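In what follows, a single structure is set out as structure tokens and then discussed.
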Amino acid sequence: MPAELPKAYEPQKYEDEIYQRWEKSGFFAPEAHPPWVDNPDDPKRPYFSIVLPPPNVTGTLHMGHAAMLAIEDVMIRYHRMKGDKTLWLPGTDHAAVATESKVESKLIKEEGLKKPKEELGREKFLERVNKFAQESHDTIVNQAKKMGASLDWSREAYTFDDKRNLAVRTVFKKMYDDGLIYRGYRVINWSVKGQSTCSDDELVYVERPAKLYYFKYSKDFPITIATTRPETKLGDTAVAVHPDDKRYKKFIGKEYKVNFLGQPLIIKIIADEGVNPDFGAGALGVTPAHSAIDYEMADKNDLRMVRVISQTGHIDINEPENIHRENDFYVDSTTWEAAAAAKKKFNGLTVSDARKLIVEELRNSGLLEKEEDISQNVGTSDRFGDIVEPLPKTQWFVDVNKKFVLPHSEITGIADGAEVSLKQLMHTVVENNQIEIIPDRFNKTYFHWIDNLRDWCISRQIWYGHRIPVWYRHTPPSTTPLKDGSFIKTRIVSGDMYVGVNPPDDVENWQQDPDTLDTWFSSGLWTFSTLGWPEETIDLKTFHPTSVLETGYDILFFWVARMILMTTYTLGTIPFKTVYLHGLVRDEQGRKMSKSLGNIIDPLDMIKDYGTDATRLSLLIGSTPGNDMKLSVEKIAGFRNFTNKLWNIARFMLMQINNEQLTTNNREPEAKTLADKWISGRLMEVTKQVTDNIKQFRLSAAGEALRAFTWDELADWYLEIAKIEGNKSEILNYVLNTLLKLWHPFMPFVTEQIWSEMKVQETKNKEKFLMVEKWPQVESRAEVGAEETKNNFVLIKNIVIGIRSLRADNKIETAKKLRAMVNAGAKASLLRENDEIIKGLARLEEFKVEEKIEKPKTAVGFVEAGMEIYLDLAGVVDFDKEKKRLAEEIAQTKKYVQAQEGKLANKDFVSRAPAAIVEGEKKKLEEAKNKQAKLQEQLSLIHS
RNA sequence: GGGCGACUAGCUCAGUUGGUUAGAGCGUUACAUUGACAUUGUAAAGGUCAGAGGUUCAACUCCUCUGUCGCCCACCA
């Protein structure tokens, strides 16, 4: 007998050591193919690759990461065991804003700096950020290792390292040359707090109460407008009404010179379909400089743009584009003086102070007609948290609608050299199914997002990020608009500007654009920048497009869509074939886990208390793609129990396997008994189920099938039978080998540990890994009699269950041996062959199998598959109770019989349903009728 | 305002093209326990599949409507 395993599995004892051995073995890298692969260098050998969604470098592992790592590791380990060239490439994300502000507040807190960026300067500050990132990098990496993730650390990438920076610069330059990146003066989302732009997707809308003010700009203005932001009206250049609004139709096209509390305005009345005549006053003041929607309206109607709010969030009506001395409106000196007074009055006020003042003045001058409480959606900055101030600035944009020539295309439906837009590319690859999104309902969301996509603002005013590879001869060109009468039209500022992958030769005469790129710009390149692009590396050729992208559905737009954009544009191909979206991990009440709620389940605590395998299973089983999952400590504890169960199953099996016969060589032995045949058949079925389910990304179903097999069939039945039949070395060995392999992707540690105990027994060599064993094959052998085997076994099983059930009902203690007998009819020989099993499992001293038998007087009975089984209770039976029990069962059976008869009496059913279904229902009816009759007979035989 | 999802046992969830007497885990109840495992075993209770219509021989499954909850998108200013 092999050396015994400890009674309980203690994950903490093994996990770290196993991970180190795995890592040292080199098998995480695709170069180290499993030893049994015959043709490792065959170019046709399939590959499987996943690039890990990079966690923030300064972050710590949370359950979301844990779920991601567990799901991806299952896929990776499965494909590695299948013999594919398998690469799982790790990396971390520099998380520009998040990291920068973390370091900033750290410097303030710990070193007493007031404004760290100003005080240290760009270079020194970035040094500090880099240092911090470097230090905390190891934390998240080590935590990923704790999860058992079989990542190829030799290829680790960072979104902000030199290689990725080169990729970023290269793509930027290419897009600029194609005219897809432009510098423009447009209304963008500005975070006053963060002093930076943010993209449309980074806005979070918050519902809050607001006041809607109704007023006229001045007494002589004909239309009342309504607004929640009176202070922006200082920059109005139009009033918009619905084209069909009878009240206002006559004003459309007219232009008014008004004095708005001292501020001179020229207001044009325009018509726009978007104006809702029933909301507010049915007329709205158009502020092109401080509202994205007004900006679009202004663009359509060729309006002027007057900026009145500065980037610090103060009123500032002194911007160059605001004062138009050429305009005859201002020739009038009184107006000019009024304008000067207005400036003096409002300038320097914060937005909210200005609002108060304006409302006050409107009220005093009798212009304010109404105040109304409404609820309003305001956009806040996801990163900084403050309400975003739309204002015009010169920024860099990616044009998503502009057509360009795609020289090389591997995209179905788009030919080499075709003229396309980025939007079209993004649309096509999902529509033509080159990229499959799981679950597929997210296709709809994705298309909707693309259809509404506007140009992407990519420049940010923070320091920790990829610097824009643009240099200006002196200072950045002025943002003063051209004197073409149009203050709206996007224009690309030319002049002394250099765009290049590398700095200009005489860089000392140039100044680089101070801005950095949106972090998603570099993340968008992730699948190919990590593989070495722009170099033409072997990795790129071998592993791209990647097989699967697995990530949370919450970053479908931020990241997944941008990767599709960047990859189709740059390489003319898809970044990945399948997108697997997992849900959010929530607490047991369905709430998000957060510090403030104190409901965080820390994966590292769980690993410590219950082991990694249990933690992984709790995230894998019982959750489906795209749906949030609820997690509780109890669930994890439950899987800890299962881990221990598996350990003890193995422990027992190893004790049953004869020392000389122990082998990790997986040949299926000949099945001798019915139970043997049954368990081999079931194992084969389960192998097929698990394999199919993993292939179809149904990991929960795969795990659930395996769990049910392992516990309910193998442990509860076959191993119990093995105790009775004995002498099962070979088959137990085979089942154990297969079982460990099937479980390995889900619970790598406990399976590897058991395997290495076996390896030591067998070869005295620990350095052979289950991790690279060959995945069990599903043999397409002819399953002669497989169905019959199963049915026969189920019959035995049901007899045992029936007897146990009667015992329990009659409160017979487990230890007491009873006598049972059966009217076996045609099944007599089957039951005789297996009577030891029945006797053992049902605790019988005698199991009498006869073709025909009379019911003993002191017995109770039941009917199974047409046989009557009697359990002799030797006088302890309570006949009243027994009568009741039988009557209940008869009633139930009767109900079923009636239902079946009704079904079969229905002519439509018999004529229209497939013959096989009808046959099946007939058979069920016969069996039930038979059962009913026999139960009836049993009842009638009770004389009390 | 538009869209999506969920609603199945006390709780957490499976249920793959329509055909099962609707399943699992946890929990509950009863009994057991030095022989692989109490991180256990045996047995049991527990469901009008949110509601109403419809299609069909047949609906948890397909269609329509309603309700409750959740999420995403959308700057009625």
Side-chain angles (χ1 to χ4, degrees), chain A residues 4-5 7-9 203 205 210 212 225-229 232 240 274-276 278-281 283-287 291-294 374 376-379 388 390 439 441-442 444-445 448-449 452 553-554 556-557 584 588 590 610 614 621-624 626-632 634-635 637-656 692-693 696 698 700-701 704 707-708 712 715-716 719-720 723 801 804-809 811-815 843 892-893 895-896 899-900 903 906-914 916-918 920-921 924 928:
Chain A
E4 261 183 51
L5 265 43
K7 271 190 146 186
Y9 175 64
L203 296 188
Y205 287 93
L212 186 63
I225 57 163
T227 182
T228 52
R229 297 200 60 188
T232 63
V275 179
N276 178 356
D278 300 325
F279 183 86
L284 64 103
V286 181
T287 323
S291 154
I293 195 97
D294 290 8
I374 59 161
Q376 168 191 239
N377 244 347
V378 289
V388 156
R441 67 183 136 93
F442 281 97
K444 214 169 175 173
T445 326
H448 182 259
W449 181 81
N452 293 295
Y553 66 75
D554 52 328
L556 178 64
F557 304 139
L584 272 38
E588 59 264 71
Y610 302 109
I621 294 181
S623 74
T624 43
N627 294 326
D628 294 351
M629 64 181 109
K630 289 176 194 166
L631 185 68
S632 61
E634 292 72 37
K635 187 174 176 189
F639 283 112
R640 184 271 318 265
N641 295 357
F642 177 70
T643 313
N644 189 61
K645 184 76 185 180
L646 182 68
W647 177 262
N648 274 289
I649 286 170
R651 179 173 127 91
F652 174 73
M653 288 171 94
L654 288 173
M655 285 166 70
Q656 301 291 309
D692 289 348
N693 279 323
Q696 293 167 51
R698 301 159 55 92
S700 177
E704 185 50 42
R707 195 207 61 78
D712 305 340
D716 290 350
L719 295 187
E720 292 304 319
K723 288 177 190 170
I801 291 172
R804 284 171 176 172
S805 182
L806 283 182
R807 288 182 85 112
D809 282 352
K811 306 244 183 283
I812 310 289
E813 58 204 281
T814 321
R843 295 212 168 235
Q892 213 181 347
T893 311
K895 225 165 112 189
Y896 181 65
Q900 288 301 104
K903 203 184 248 182
N906 184 342
K907 283 204 185 82
D908 286 332
F909 171 70
V910 178
S911 62
R912 296 200 193 190
I917 299 283
V918 178
E921 297 302 316
K924 283 189 219 163

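What you see is a predicted model; the values in this text were computed from it and never measured. Chain letters run A, B, ... following the sequence lines, proteins first and then strands; every chain starts at 1. When reading the values below, keep in mind they use all heavy atoms of this one structure, side chains included, and skip hydrogens, waters and symmetry mates.
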C1'-based separation of G3(B) from U61(B) [nearest Å]: 23 Å
In whole angstroms, the gap separating C1' of U21(B) from CD of Gln892(A) amounts to 8 Å
Rounded to whole angstrom units, what separation is found between the CG atom of Asn452(A) and the P atom of C4(B)? 15 Å
Residues Lys903(A) and Glu921(A) bridged, charged N to O under 4.0 Å: yes
Which is true for Lys635(A) with a 4.0 Å heavy-atom rule: it touches a base, it touches only sugar-phosphate, or it touches nothing? nothing
Name the nucleic acid region contacted by Asn377(A), choosing base, sugar-phosphate or nothing; use a 4.0 angstrom heavy-atom cut-off, strictly under. base
When you compare A30(B) with A36(B), how far apart are their C1' atoms, in angstrom units rounded to a whole number? 26 Å
Within a 6.0 Å radius of atom CD on Gln696(A), are there more than 12 heavy atoms belonging to other residues, nucleotides or ligands? yes
Under 4.0 angstrom, heavy atoms only, what part of the nucleic acid is Ser291(A) near: base, sugar-phosphate, or nothing? base
Rounded to whole angstrom units, what separation is found between the NZ atom of Lys630(A) and the C1' atom of U12(B)? 8 Å
Applying a 4.0 Å non-hydrogen cut-off, can you work out what Pro390(A) is touching in the nucleic acid: base, sugar-phosphate, or nothing? nothing
Counting the atoms with a prime plus P, OP1 and OP2 as sugar-phosphate, which does Ala715(A) contact under 4.0 Å by heavy atoms, base, sugar-phosphate, or nothing? base
Mind checking if Lys924(A) touches a base, just sugar-phosphate, or nothing, with heavy atoms under 4.0 Å? sugar-phosphate
Just call it for Val275(A): base, sugar-phosphate, or nothing, with non-hydrogen atoms closer than 4.0 Å on any strand. base
Mind calculating the distance between CZ (Arg804(A)) and P (A44(B)) to the nearest angstrom? 10 Å
Pairing partner (Watson-Crick or G-U wobble, both distances under 3.5 angstrom) of U61(B): none
Gln900(A) or Ser805(A), whichever maps to the more 5' nucleotide of RNA chain B: Gln900(A)
When both distances are under 3.5 Å in a Watson-Crick or G-U wobble arrangement, the nucleotide paired with A36(B) is none
Look up atom NZ in Lys635(A) and atom NZ in Lys630(A), then write down how far apart they are to the nearest 0.5 Å. 11.0 Å
Nearest-Å distance for atom pair CE/P, residues Met629(A) and U12(B): 16 Å
Touch check for Thr624(A), heavy atoms < 4.0 angstrom, all strands: base, sugar-phosphate only, or nothing? sugar-phosphate
Considering every strand and a 4.0 Å limit on heavy-atom distances, what is the contact class for Arg229(A): base, sugar-phosphate, or nothing? nothing
Lys444(A) near the nucleic acid: base, sugar-phosphate alone, or nothing, with a heavy-atom cut-off under 4.0 Å? sugar-phosphate
Let's test your reading of the model: under 3.5 Å, does the base of U42(B) pair with the side chain of Arg807(A) as donor and acceptor? no
Starting the side chain at C-beta, find the nucleotide from C73(B), C37(B), U21(B) nearest to Tyr896(A). U21(B)
Send over the distance from Asp554(A) CG to C73(B) P, rounded to a whole Å. 11 Å
Going by purine N1 to pyrimidine N3 plus the second Watson-Crick contact, or the G-U wobble pair, all under 3.5 Å, which nucleotide sits opposite C7(B)? G67(B)
Using the P atom on both, measure A24(B) against U42(B) and round to a whole Å. 13 Å
A6(B) and C13(B): how far apart are their C1' atoms, nearest whole angstrom? 12 Å
Between Gln696(A) and Thr228(A), who's closer to the 5' end of RNA chain B by nearest nucleotide? Gln696(A)
If only side-chain N and O atoms of Asn641(A) are considered, is one of them under 4.0 Å from the OP1 or OP2 phosphate oxygen of U40(B)? yes
Is there a donor-acceptor pair under 3.5 Å between the side chain of Asn452(A) and the backbone N or O of His448(A)? yes
Hey, is the main chain of Ala8(A) close enough, under 3.5 Å, to the side chain of Asn648(A) for a donor-acceptor pair? no
Can you tell me the Watson-Crick or wobble partner of U12(B), both distances under 3.5 angstrom? A24(B)
About how many Å separate CG of Asp809(A) and NZ of Lys811(A), when rounded to the nearest 0.5 Å? 8.0 Å
If pairing requires Watson-Crick or G-U wobble contacts with both distances under 3.5 Å, which nucleotide is the partner of U42(B)? A30(B)
Roughly how many Å apart are A52(B) and C7(B), using the C1' atom of each and rounding to a whole number? 16 Å
Keeping the roles fixed (side chain from Ser911(A), backbone from Lys907(A)), state whether a donor-acceptor pair exists under 3.5 Å. yes
Side chain Glu720(A) and base A36(B) donor-acceptor under 3.5 Å: yes
I'd like the P distance from G54(B) over to A22(B), given in whole Å. 24 Å
At under 4.0 Å between heavy atoms, what does Asp716(A) touch on the DNA or RNA strands: base, sugar-phosphate, or nothing? sugar-phosphate
Nearest-angstrom distance from the residue atom CD1 of Ile801(A) to P of A44(B): 8 Å
Fit a plane to each ring of Trp647(A) and Tyr9(A), take the angle between them on a 0 to 90° scale, and name the class: parallel (under 30°), tilted (30 to 60°) or perpendicular (over 60°). tilted
Taking atom C1' in both G15(B) and A59(B), what distance in whole Å separates the two? 14 Å
Categorize Glu634(A) for me: base, sugar-phosphate, or nothing, with a 4.0 angstrom heavy-atom threshold over every strand shown. nothing
Kindly indicate whether the side chain of Lys723(A) and the base of A36(B) share any N or O donor-acceptor pair separated by less than 3.5 Å? yes
Mind checking the C1' distance from G18(B) to U55(B)? Whole angstroms is fine. 12 Å
Round to a whole Å and report the spacing from NZ of Lys645(A) to P of G41(B). 4 Å
With both distances under 3.5 angstrom, what nucleotide forms a Watson-Crick or G-U wobble pair with A74(B)? none
Within the 4.0 Å heavy-atom criterion, would you say Tyr205(A) contacts the bases, only the backbone, or no part of the nucleic acid? sugar-phosphate
Ignoring hydrogens and angles, state whether a donor on the side chain of Tyr553(A) or Asp628(A) is under 3.5 Å from an acceptor on the partner side chain. yes
